Amino acid sequence: MRHPGSLLRELDLDKTRFLALVALAADLKRAKEAGVERKSLTDKNIALVFEKTSTRTRCAFEVAAHDQGAHVTYLDPAGTHMGRDESVPDTAKVLGRMFDGIEFRGFAQETVEQLADNAGVPVWNGLTDSWHPTQMLADVLTMTEHHPGPVERISVCFVGDGHNNVARSLLITGALLGMDVRIAAPRELRPPADVVATARELAKTSGARVLVTEDAEQGVDGVDFVYTDVWVSMGDSPEQWDVRVPLLTPYRVTEALMKATGKPDTKFLHCLPAIHDRTTVIGEHLHERYGLDGAEVTDEVFSSPRSIVFDQAENRLHTIKAVLVTGLAS
Ligand code: CP
Ligand code: NVA
């Protein structure tokens with residue numbers, strides 16, 4: 001039996017519960033800023049299991065837990081028996097006997113589902129190859145902070161690798177909340193057909209407008225937010241760069257693409273980390289091999305006043321705190 005406080009994908013939530021988490025996150029953010037946050041997780045114990053690396057998600061879980069009085073144990077990408085010499089269900093049962101909640105980041109969605117099926121405590125998906133639900137809560141909080149609302153009036157276009165976890169999650173989130181949600185991606189990197197079908201089905205009741213297009217300029221026309229993500233995700237083969245660079249260069253977020261929105265105040269979103277210049281190992285490699293200066297977004301856009309990526313990053317903390325507080329109270 002899965003604990004009702006779990007969050008494995010956006011579809012675990014309906015619109016009311018999704019927006020309640022965002023509203024709680026906004027309250028928690030205000031309370032922290034005002035220095036009046038009350039601890040509601042005193043002496044709870046939370047396991048953080050990472051098969052893949054992380055900066056924001058790990059730090060958000062750790063700081064959120066600490067702010068609320070809970071303790072965390074971090075299990076690094078190579079630091080457990082899980083999957084190697086101990087099954088995922090056995091690991092889940094052990095962790096469930098010791099911890100009040102478990103965060104998992106990794107490859108297969110099936111792993112986080114097996115953890116939730118066997119742990120008996122809330123399990124939270126901190127990113128899999130399929131979904132990134134805690135990211136979506138932060139993104140919706142960020143969009144509502146930069147848009148007068150209501151949420152149904154928000155339009156957002158994801159441009160780039162439309163097949164990846166973040167694009168899928170955004171498509172489902174927009175469809176669930178009744179937004180104008182668009183994916184602009186090459187045919188080879190469209191979201192999976194079943195995800196698009198689910199989004200279209202959700203749109204029938206939520207009133208969402210769902211567009212999947214190969215035309216980046218059509219995708220961004222009139223939108224409030226342009227969103228992109230890395231061209232090669234964690235878990236993808238590095239050889240994919242040779243395929244993705246030619247395929248995705250027309251989908252790079254440049255000043256010209258931002259102008260194609262037709263709006264002077266469209267904001268730029270990115271879940272981060274981003275390749276926007278040559279200052280990283282991968283950025284330098286992409287320059288040497290392909291002559292690129294940055295990949296999915298130019299530094300001009302990334303570093304412009306339209307870019308609200310660090311608001312997004314900060315909001316990972318407040319929204320993950322809302323997930324912990326709600327999940328451990330249920
Ligand atoms: N956006 C995000 O999940 O970042 P990390 O990989 O640093 O956790
Ligand atoms: N699509 C990216 C998101 C990172 C937060 C990845 O999975 O690597």
Side-chain angles (χ1 to χ4, degrees), residues 7-10 25 46 48-65 72 74-77 103-109 111-112 124-143 158-173 183-185 189-192 195 225 227-241 243-244 247-248 251-253 268-276 280-283 286 295-297 302 307-321 323-324:
L7 177 59
L8 307 185
R9 51 184 195 149
E10 295 75 15
I46 297 168
L48 306 177
V49 184
F50 282 78
E51 284 182 346
K52 292 176 177 171
T53 51
S54 166
T55 299
R56 278 143 290 271
T57 308
R58 174 185 175 180
C59 294
F61 270 96
E62 294 215 15
V63 176
V72 297
Y74 176 70
L75 297 159
D76 73 24
E103 180 275 355
F104 172 79
R105 163 173 287 200
F107 297 91
Q109 179 69 15
T111 307
V112 77
W124 305 292
N125 178 359
L127 177 150
T128 62
D129 291 343
S130 305
W131 308 110
H132 197 2
T134 64
Q135 180 72 49
M136 292 303 116
L137 293 165
D139 296 345
V140 171
L141 175 59
T142 310
M143 286 191 268
F158 181 97
V159 188
D161 176 10
H163 194 264
N164 81 12
N165 40 18
V166 171
R168 295 178 200 197
S169 282
L170 189 70
L171 185 58
I172 293 298
T173 298
I183 305 287
L189 294 171
R190 288 164 69 96
V195 175
F225 299 93
Y227 195 143
T228 193
D229 185 13
V230 289
W231 286 350
V232 174
S233 285
M234 293 180 279
D236 288 339
S237 152
E239 282 148 31
Q240 276 296 313
W241 281 109
V243 178
R244 303 275 172 96
L247 210 50
L248 287 171
Y251 297 85
R252 230 177 158 208
V253 181
F268 171 70
L269 295 165
H270 193 310
C271 55
L272 305 181
I275 306 291
H276 58 94
T280 59
V281 172
I282 293 182
L286 295 180
E296 70 272 9
V297 57
F302 185 89
S307 172
I308 52 172
V309 299
F310 296 109
D311 290 352
Q312 252 180 303
E314 180 193 327
N315 283 337
R316 300 297 308 287
L317 166 63
H318 309 298
T319 44
I320 281 172
K321 193 180 286 176
V323 168
L324 295 181

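Just so you know, ligand 1 is whichever comes first in the structure, and atom 1 is the first atom listed for that ligand. Every value quoted in this text rests on a predicted model; they were computed, and no experiment measured them.
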Exercise. Any side-chain donor-acceptor pair under 3.5 Å between Gln109 and Thr128?
Worked result: yes
Exercise. Quick one: do the Arg105 and Thr57 side chains pair a donor with an acceptor below 3.5 Å?
Worked result: yes
Exercise. Is the backbone of Phe107 close enough, under 3.5 Å, to the side chain of Glu51 for a donor and an acceptor to pair up by distance?
Worked result: yes
Heavy-atom side-chain proximity of [X] to [Y] below 4.5 angstrom:
| X | Y | answer |
| --- | --- | --- |
| Glu103 | Arg58 | no |
| Val140 | Thr319 | no |
| Trp131 | Ile172 | yes |

Exercise. Under 4.0 Å from ligand 2, counting heavy atoms only, is it the side chain of Leu127, its backbone, both or neither?
Worked result: side chain
Seminar exercise, completed: Taking only non-hydrogen atoms of Asn164 and a 4.0 Å limit, the atoms of ligand 2 in range are 1 (N)
For this session: Give yes or no for whether the N/O distance cutoff of 3.5 Å, strictly under, is met between Met234 and ligand 2.
Result: yes
Problem set entry | ligand 2 N/O within reach of Ser233 N/O, cut-off under 3.5 Å | yes
Problem set entry | Set of residues satisfying salt bridge (charged side-chain N to carboxylate O under 4.0 Å, His left out) with respect to Arg252, sequence neighbours excluded | none
Exercise. Heavy atoms under 4.0 Å from ligand 1: which residues qualify?
Worked result: Ser54, Thr55, Arg56, Thr57, Arg105, His132, Gln135, Cys271, Leu272, Arg316
Exercise. Which of these, Asp229, Leu272, Val166, Asn165, has its nearest heavy atom closest to atom 7 (O) of ligand 2?
Worked result: Asn165
For this session: Hey, can you tell me if Phe268 and Phe302 have their rings parallel, tilted or perpendicular (30° and 60° cut-offs)?
Result: perpendicular
